[in-house]
Enquirer: 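Input: one structure, supplied below.
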Amino acid sequence: MSMNKKKRLLYLILAICVTASTLIGSIGLTASASSGSGTTASDSQTTSTAASAAGSGVEDGVLSVAMECSYAPYNWAQPDDSNGAVPIADSDEYANGYDIMMAKKICEAYGWKLEVHQLDWDSLIPAVQSGTVDAVIAGQSITAEREQEVDFAGPYLYASIVCLTKSSGKFADAKGISDLSGGSCTSQMGTIWYDNCLPQIQGATVQTAAESAPAMLMSLETGQVDYICTDYPTAEYALQAYPDFKILDFANSGDDFKVSDEDINIGISVRKGNTELKDKINAVVQKMSKEDFDEQMSRAASVAPLDDVKSTDDTTTTTETKSRFAQLGSDMASLWQQYGKNYLNGVRNTLLLALLGTFIGCLIGFLCGILQTIPIEKRDNPVKKFFLRLLRIIVRIYVEVFRGTPMILQAVFIFYGVPYFSNNTVQFTDKWSVALIVVSINTGAYMAESVRGGIISVDPGQNEGAKALGMTHFQTMLSVILPQALRNIMPQIGNNFIINVKDTSVMFIIGFVDFFAVHKSVSGATFTYFPSATIEMIGYLTMTLIASFLLRYLEKKLEGGSDYELVQKDPLTQVAGNYNYPDAKAKNTEEAKK
Amino acid sequence: MSELIVQVRHLSKSFGNHEVLKDIDFEVRKGDVTTVIGASGSGKSTLLRCVNMLETPSSGSILFHEEDVTDGTIKPAAYRAKVGMVFQSFNLFENMNVLKNCCVGQMKVLKRSQSEAEENALKYLNHVGMAEYVEARPRQLSGGQKQRVAIARALAMNPEVLLFDEPTSALDPEMVGEVLDVMSKLAEEGMTMIVVTHEMAFARDVSSHVVYMSDGVICEQGTPEEVFGNPKQPQTRAFLSRFRKG
């Protein structure tokens with residue numbers, strides 16, 4: 001898969017960013033200090049320490065594992081702890097599934113405490129490499145490429161490769177992979193299904209990979225592709241969500257996908273060289289037979305949340321447009337009934353992160369704006385001039401680096417890159433603070449330019465007026481220029497806030513559970529895509545509309561009232577605008593006569 | 001003779017290659033009302049801005065109570081607090097009402113308490129006839145009203161000398177009078193002032209000292225009677241004759 005390339009690119013960007021790391025450090029202090037308020041209480045925050053990361057990682061009696069929590073029946077997130085689900089760190093949700101059952105089995109054998117971290121698929125390997133987690137149990141195939149990055153214990157499941165197609169489609173009767181020729185297909189990004197299996201089908205059009213299993217199923221459901229390739233557990237589970245699908249299993253046909261045993265062997269990855277943990281896991285897993293695995297998988301599938309969500313009126317035909325909308329409505333209602341708390345939790349996290357991030361970002365932006373506009377004058381001494389120039393250059397670099405790189409990579413750089421490059425001496429266990437740091441410094445970089453523009457747009461006469469009163473640069477800025485600049489850039493602050501509401505969704509890469517991450521996990525657990533996506537659309541639109549409205553209101557407030565009261569002591573003074581001073585006038589005219 | 005307040009010595013100012021002021025010398029004593037007259041572009045405003053250090057002189061020095069303010073021994077900000085300035089374009093702070101405009105300098109620079117600053121501000125607002133407008137914002141006032149507030153703002157700092165940079169040039173004709181009235185009143189009360197103006201009647205009637213500038217040099221200076229009544233230089237005569245015709 002492409003993880004190697006991705007990582008190389010990533011580390012290249014990291015190298016470029018190294019100059020900016022000092023900045024991150026200093027800003028991070030303020031950011032994390034104020035992040036505590038929004039953090040969901042978690043007793044797990046001190047488990048991954050520098051000391052333990054060098055050993056097997058479980059010296060503290062805690063096995064921390066990472067998984068997507070959106071990959072049913074392997075792993076999924078659910079709102080309660082029913083059926084033996086375990087809490088997810090930094091989240092209100094619980095994880096369950098085949099992987100959780102396996103993790104619990106391992107923990108039971110050694111008396112460890114299990115700690116589950118929800119991470120994006122592409123972040124799983126960096127997480128175990130950086131020591132953020134001890135192991136990844138997430139349905140990963142044991143491939144040679146991955147084995148260069150991590151060590152694998154297991155296999156803990158054999159997942160044969162199958163295809164899914166529509167039972168009414170033209171490939172429904174395919175007997176072998178040669179029958180699939182001429183069709184278009186896809187699979188999940190970064191899997192052996194996509195990288196190894198699909199290319200084996202002669203004459204097939206392989207489309208761009210889907211970002212997740214639900215997305216892959218959606219592309220088949222919507223007719224974008226004729227068939228998809230996945231493993232048997234996923235396919236079987238998908239049938240429950242999409243009864244019109246059919247599994248094409250070519251196992252005994254002699255015309256099957258050519259895969260090595262390693263490809264269908266699903267393993268548990270640990271950090272390279274961590275043989276101690278690997279051996280301990282193997283000791284548990286190797287005691288189980290293939291039948292044990294299959295039995296555990298069917299147990300997992302039976303408690304998966306899909307059945308509860310799929311609405312009862314499944315019998316209605318879904319071919320008519322009208323009934324599809326009705327179906328969407330009832331699916332959304334049942335999703336909301338079951339996951340409403342999760343969605344609201346996501347909304348809370350998203351709003352809090354966007355609000356705090358925008359606020360801190362604005363402070364950073366204002367600071368940069370003030371620093372950048374300190375006048376450098378000829379008569380200043382050379383040391384002061386040097387520092388002022390240096391300051392401008394630093395601000396410039398900060399703005400260009402953070403405005404010029406994607407926020408998603410900055411998040412990866414800080415969350416995984418800093419532990420990786422510091423050999424685990426620096427570890428982030430609190431996703432909240434990392435997310436807040438990234439959003440803040442990003443917003444700050446944008447706001448720095450906006451503030452500079454806002455300051456420039458204030459009439460220079462305002463500055464001279466203040467200077468003429470003897471005010472210093474900072475007094476002038478704080479009392480006169482910035483309040484006016486703030487009014488000028490209010491629309492841009494609003495823009496940034498609304499962008500932040502939406503763009504904080506990229507924080508799923510470090511496992512931050514925002515509103516969008518809830519969608520990923522719900523759709524992964526239930527394999528229903530549109531109902532959840534529709535809830536998200538409505539949710540985001542509601543948040544941004546309310547934000548727009550409040551911002552308009554705030555702008556009006558800043559504008560100040562349009563009328564004022566005359567303060568009268570003597571009613572006659574109302575004509576003061578044309579009031580003349582008799583004495584002076586007399587003197588004027590008198591002397592003029594002379 | 002009364003005490004010397006501002007002395008300008010061999011002052012020159014260039015913008016790039018263009019020399020705007022050439023070797024200017026003059027002095028202002030306590031109670032003087034000095035008007036600077038001359039054609040547009042003759043360097044009057046630049047001279048005034050140099051006196052206030054809003055422009056840094058290219059060479060020469062400005063002495064305040066015989067202390068040099070151009071060599072950095074006195075901080076420009078501290079110096080400006082003692083030298084008030086009234087601008088052609090008013091430069092009232094748009095984000096504050098009239099009262100706050102007159103208080104912010106007192107509180108931030110002179111560290112006066114709010115009540116002290118407000119009391120002082122009201123005294124001078126009353127003086128310029130704007131006391132009842134304390135709650136108004138600058139953009140709600142007419143030009144003449146704004147300029148009177150600007151004068152009160154400068155006065156509230158209790159400056160030793162007040163500079164006026166063409167205070168009536170941006171005003172509609174019917175508002176010029178109300179501002180000149182205030183200025184005449186201040187002159188009468190003994191305020192030390194340097195006024196750059198095109199109002200010849202004001203220069204002749206109110207000032208104690210007139211400076212005529214032409215092409216960046218002081219062409220002629222003296223009492224109003226000397227300069228207006230008996231100009232010695234041909235340029236001065238030519239300049240003044242344009243006003244006589246009207």
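Chain naming here is simple, since letters A, B, ... match the order of the sequence lines and numbering starts at 1 in each.
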Enquirer: Please check if the number of heavy atoms outside A:Y540 that lie under 6.0 Å from its OH is greater than 12.
Expert: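 Atom OH in A:Y540 is crowded, with more than 12 foreign heavy atoms closer than 6.0 Å.
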
Enquirer: Determine whether A:L469 and B:R80 make a side-chain contact, defined as any pair of heavy atoms from C-beta on separated by less than 4.5 Å.
Expert: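 Answer no - side chains too far apart.
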
Enquirer: Around atom CD of B:E189, are there more than 12 heavy atoms from other residues, nucleotides or ligands closer than 6.0 Å?
Expert: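 Counting other residues, nucleotides and ligands, CD of B:E189 exceeds 12 neighbours.
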
Enquirer: Closest heavy-atom contact between B:M85 and A:A468?
Expert: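 Heavy atoms of B:M85 and A:A468 come nearest at CB-CB, 3.8 Å.
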
Enquirer: Would B:R49 and A:E464 pass as an ion pair if we require N to O under 4.0 Å?
Expert: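 So B:R49 pairs with A:E464 through a salt bridge.
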
Enquirer: Please flag which part of A:Q462 lies under 4.5 Å from any non-hydrogen atom of chain B: side chain, backbone, both or neither.
Expert: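 For A:Q462, backbone and side chain are both near chain B.
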
Enquirer: Below 4.5 Å from any heavy atom of chain A, which atoms of B:F87 appear? Answer side chain, backbone, both or neither.
Expert: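 Contact with chain A involves the side chain of B:F87 alone.
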
Enquirer: Assess whether atom CZ of B:F15 is packed by more than 12 heavy atoms of other residues, nucleotides or ligands within 6.0 Å.
Expert: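 More than 12 within 6.0 Å, yes.
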
Enquirer: Answer yes or no: is there a donor N or O on one side and an acceptor on the other, between the side chain of B:N91 and the main chain of A:G461, under 3.5 Å?
Expert: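 Confirmed, B:N91 side chain pairs with A:G461 backbone.
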
Enquirer: Answer yes or no: does atom CZ of A:R552 have more than 12 heavy-atom neighbours from other residues, nucleotides or ligands under 6.0 Å?
Expert: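 For A:R552, atom CZ is not crowded (no more than 12 foreign heavy atoms under 6.0 Å).
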
Enquirer: What part of B:V83 is in contact with chain A, defined as an atom under 4.5 angstrom from a non-hydrogen atom: side chain, backbone, both or neither?
Expert: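 Backbone only.
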
Enquirer: With heavy-atom distances below 4.5 Å as the criterion, would you say the side chains of B:K108 and A:T472 are in contact?
Expert: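 Answer no - side chains too far apart.
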
Enquirer: Measure distances from B:M96 to the heavy atoms of chain A and classify the residue's part below 4.5 Å as side chain, backbone, both or neither.
Expert: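 For B:M96, side-chain heavy atoms alone lie under 4.5 Å from chain A.
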
Enquirer: Select one option (side chain, backbone, both, neither) describing which atoms of B:L92 are under 4.5 Å from chain A's heavy atoms.
Expert: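 Backbone of B:L92 only, per the 4.5 Å heavy-atom cut-off to chain A.
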
Enquirer: Is there a side-chain contact between B:F93 and A:I481, using heavy atoms and a 4.5 Å cut-off?
Expert: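 No, their side chains stay 4.5 Å or more apart.
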
Enquirer: Are more than 12 heavy atoms from other residues, nucleotides or ligands located less than 6.0 Å from atom CD of A:E400?
Expert: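 Count over threshold, so yes.
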
Enquirer: What closest approach, in Å, do A:S479 and B:V104 show between heavy atoms, and which atom pair accounts for it?
Expert: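 Answer, listing the atom of A:S479 first, then B:V104: CB-CG2, 4.0 Å.
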
Enquirer: Using non-hydrogen atoms only, which part of B:N52 is less than 4.5 Å away from chain A: side chain, backbone, both, or neither?
Expert: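 For B:N52, the side chain is the part near chain A, not the backbone.
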
Enquirer: Do A:R487 and B:N95 come close enough that some side-chain heavy atom pair is under 4.5 Å?
Expert: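 Answer no - side chains too far apart.
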
